[in-house]
Amino acid sequence: MELGTGGGVDAAAIIGRGFDLDATDGSSELAAIASRRIGQPVKTMLFNELDAVGIYDGVYACASLTHVPRSDLRGVIEKVYRAMTENGVVWASFKAGAEEGSGRTWSPL
């Protein structure tokens with residue numbers, strides 16, 4: 001699963017490597033662009049709407065969870081955890097530092 005696929009560039013690379021991917025984005029416009037790029041539907045979904053349980057072997061969230069307010073991040077991460085199979089893998093990037101804001105300094109999870 002990819003959370004926040006944007007225009008689908010990373011999704012296309014993931015699919016191109018032979019993985020099955022459920023791509024999502026909170027913007028219906030970006031989901032439509034990504035869907036055309038990857039040749040499959042992209043679900044329009046906000047992070048807090050994730051309701052899957054135990055179905056994903058991996059979750060990829062590059063530069064997307066930075067849009068979640070720090071106060072909501074725990075709940076979103078709990079939903080990601082519930083969506084994963086045992087021994088699933090998550091790759092996510094976050095802002096470094098203690099301040100909320102639009103600056104982007106990446107720190108892998």
Side-chain angles (χ1 to χ4, degrees):
M1 163 179 248
E2 182 178 22
L3 293 172
T5 197
V9 173
D10 290 352
I14 292 166
I15 293 167
R17 295 284 183 160
F19 292 97
D20 292 329
L21 182 69
D22 288 341
T24 68
D25 200 90
S27 162
S28 59
E29 293 86 0
L30 284 174
I33 291 167
S35 181
R36 286 190 298 273
R37 175 172 275 139
I38 66 175
Q40 68 183 46
V42 173
K43 182 177 182 181
T44 301
M45 178 189 83
L46 299 176
F47 304 125
N48 63 355
E49 295 173 324
L50 178 61
D51 62 0
V53 177
I55 63 171
Y56 294 111
D57 295 323
V59 174
Y60 179 73
C62 181
S64 56
L65 295 177
T66 61
H67 300 289
V68 178
R70 191 178 300 260
S71 60
D72 296 339
L73 194 55
R74 180 185 181 115
V76 169
I77 291 173
E78 287 172 349
K79 288 178 175 285
V80 170
Y81 180 79
R82 275 194 303 274
M84 296 181 61
T85 60
E86 187 173 339
N87 298 318
V89 176
V90 174
W91 191 97
S93 56
F94 296 90
K95 293 179 185 176
E99 300 295 321
E100 295 276 355
S102 60
R104 296 191 184 249
T105 302
W106 302 111
S107 176
L109 177 68

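For the residue pair V42 and A31, the shortest heavy atom distance occurs at CB-O, 3.5 Å. Across G8 and I38, no two heavy atoms sit closer than the pair O-CG2, 3.8 Å. Across every non-hydrogen atom of S93 and T66, the tightest pair is O-CG2, 4.0 Å. Shown here for G7 and R37, the closest heavy-atom pair between the two residues is O-NH1, 2.7 Å. The shortest non-hydrogen separation linking Q40 to L21 is NE2-O, 2.6 Å. Nearest heavy atom pair, residue A34 against residue G6, reads CB-O, 3.4 Å.
Taken from OH in Y60 to CG in D10, the straight-line distance is 3.5 Å, to the nearest 0.5 Å. Taking NZ of K43 as the start and CG of D25 as the end, the distance is 13.0 Å to the nearest 0.5 Å.
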### Message
Between N48 and D72, is the side chain to side chain contact (heavy atoms under 4.5 Å, CB included) condition met? List the steps.
### Response
CA-CA 9 Å; N48 63 355; D72 296 339; over 6 Å; no
### Task
Determine, stepwise, if the pair E49 / T24 fulfils side chain to side chain contact (heavy atoms under 4.5 Å, CB included).
CA-CA 11 Å; E49 295 173 324; T24 68; over 6 Å; no
### Pair L30-T5, side chain to side chain contact (heavy atoms under 4.5 Å, CB included): steps then yes or no
CA-CA 8 Å; L30 284 174; T5 197; over 6 Å; no
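Applying the side-chain contact (heavy atoms from CB on, under 4.5 Å) test between V68 and each of I77, L46, L73, L3 identifies L73 as the sole match.
In the hydrophobic clustering of this structure, L50 groups with I55; members are Ile, Leu, Val, Met, Phe, Trp, Tyr whose side-chain heavy atoms approach within less than 4.5 Å, directly or through other members. A single hydrophobic cluster is not seen to contain both Y81 and V90; linkage of ILVMFWY side chains at heavy-atom distances under 4.5 Å, directly or through other members, places them apart.
Grouped with V89 in a hydrophobic cluster is no other residue, since no side-chain heavy-atom contact under 4.5 Å to another Ile, Leu, Val, Met, Phe, Trp or Tyr is found.
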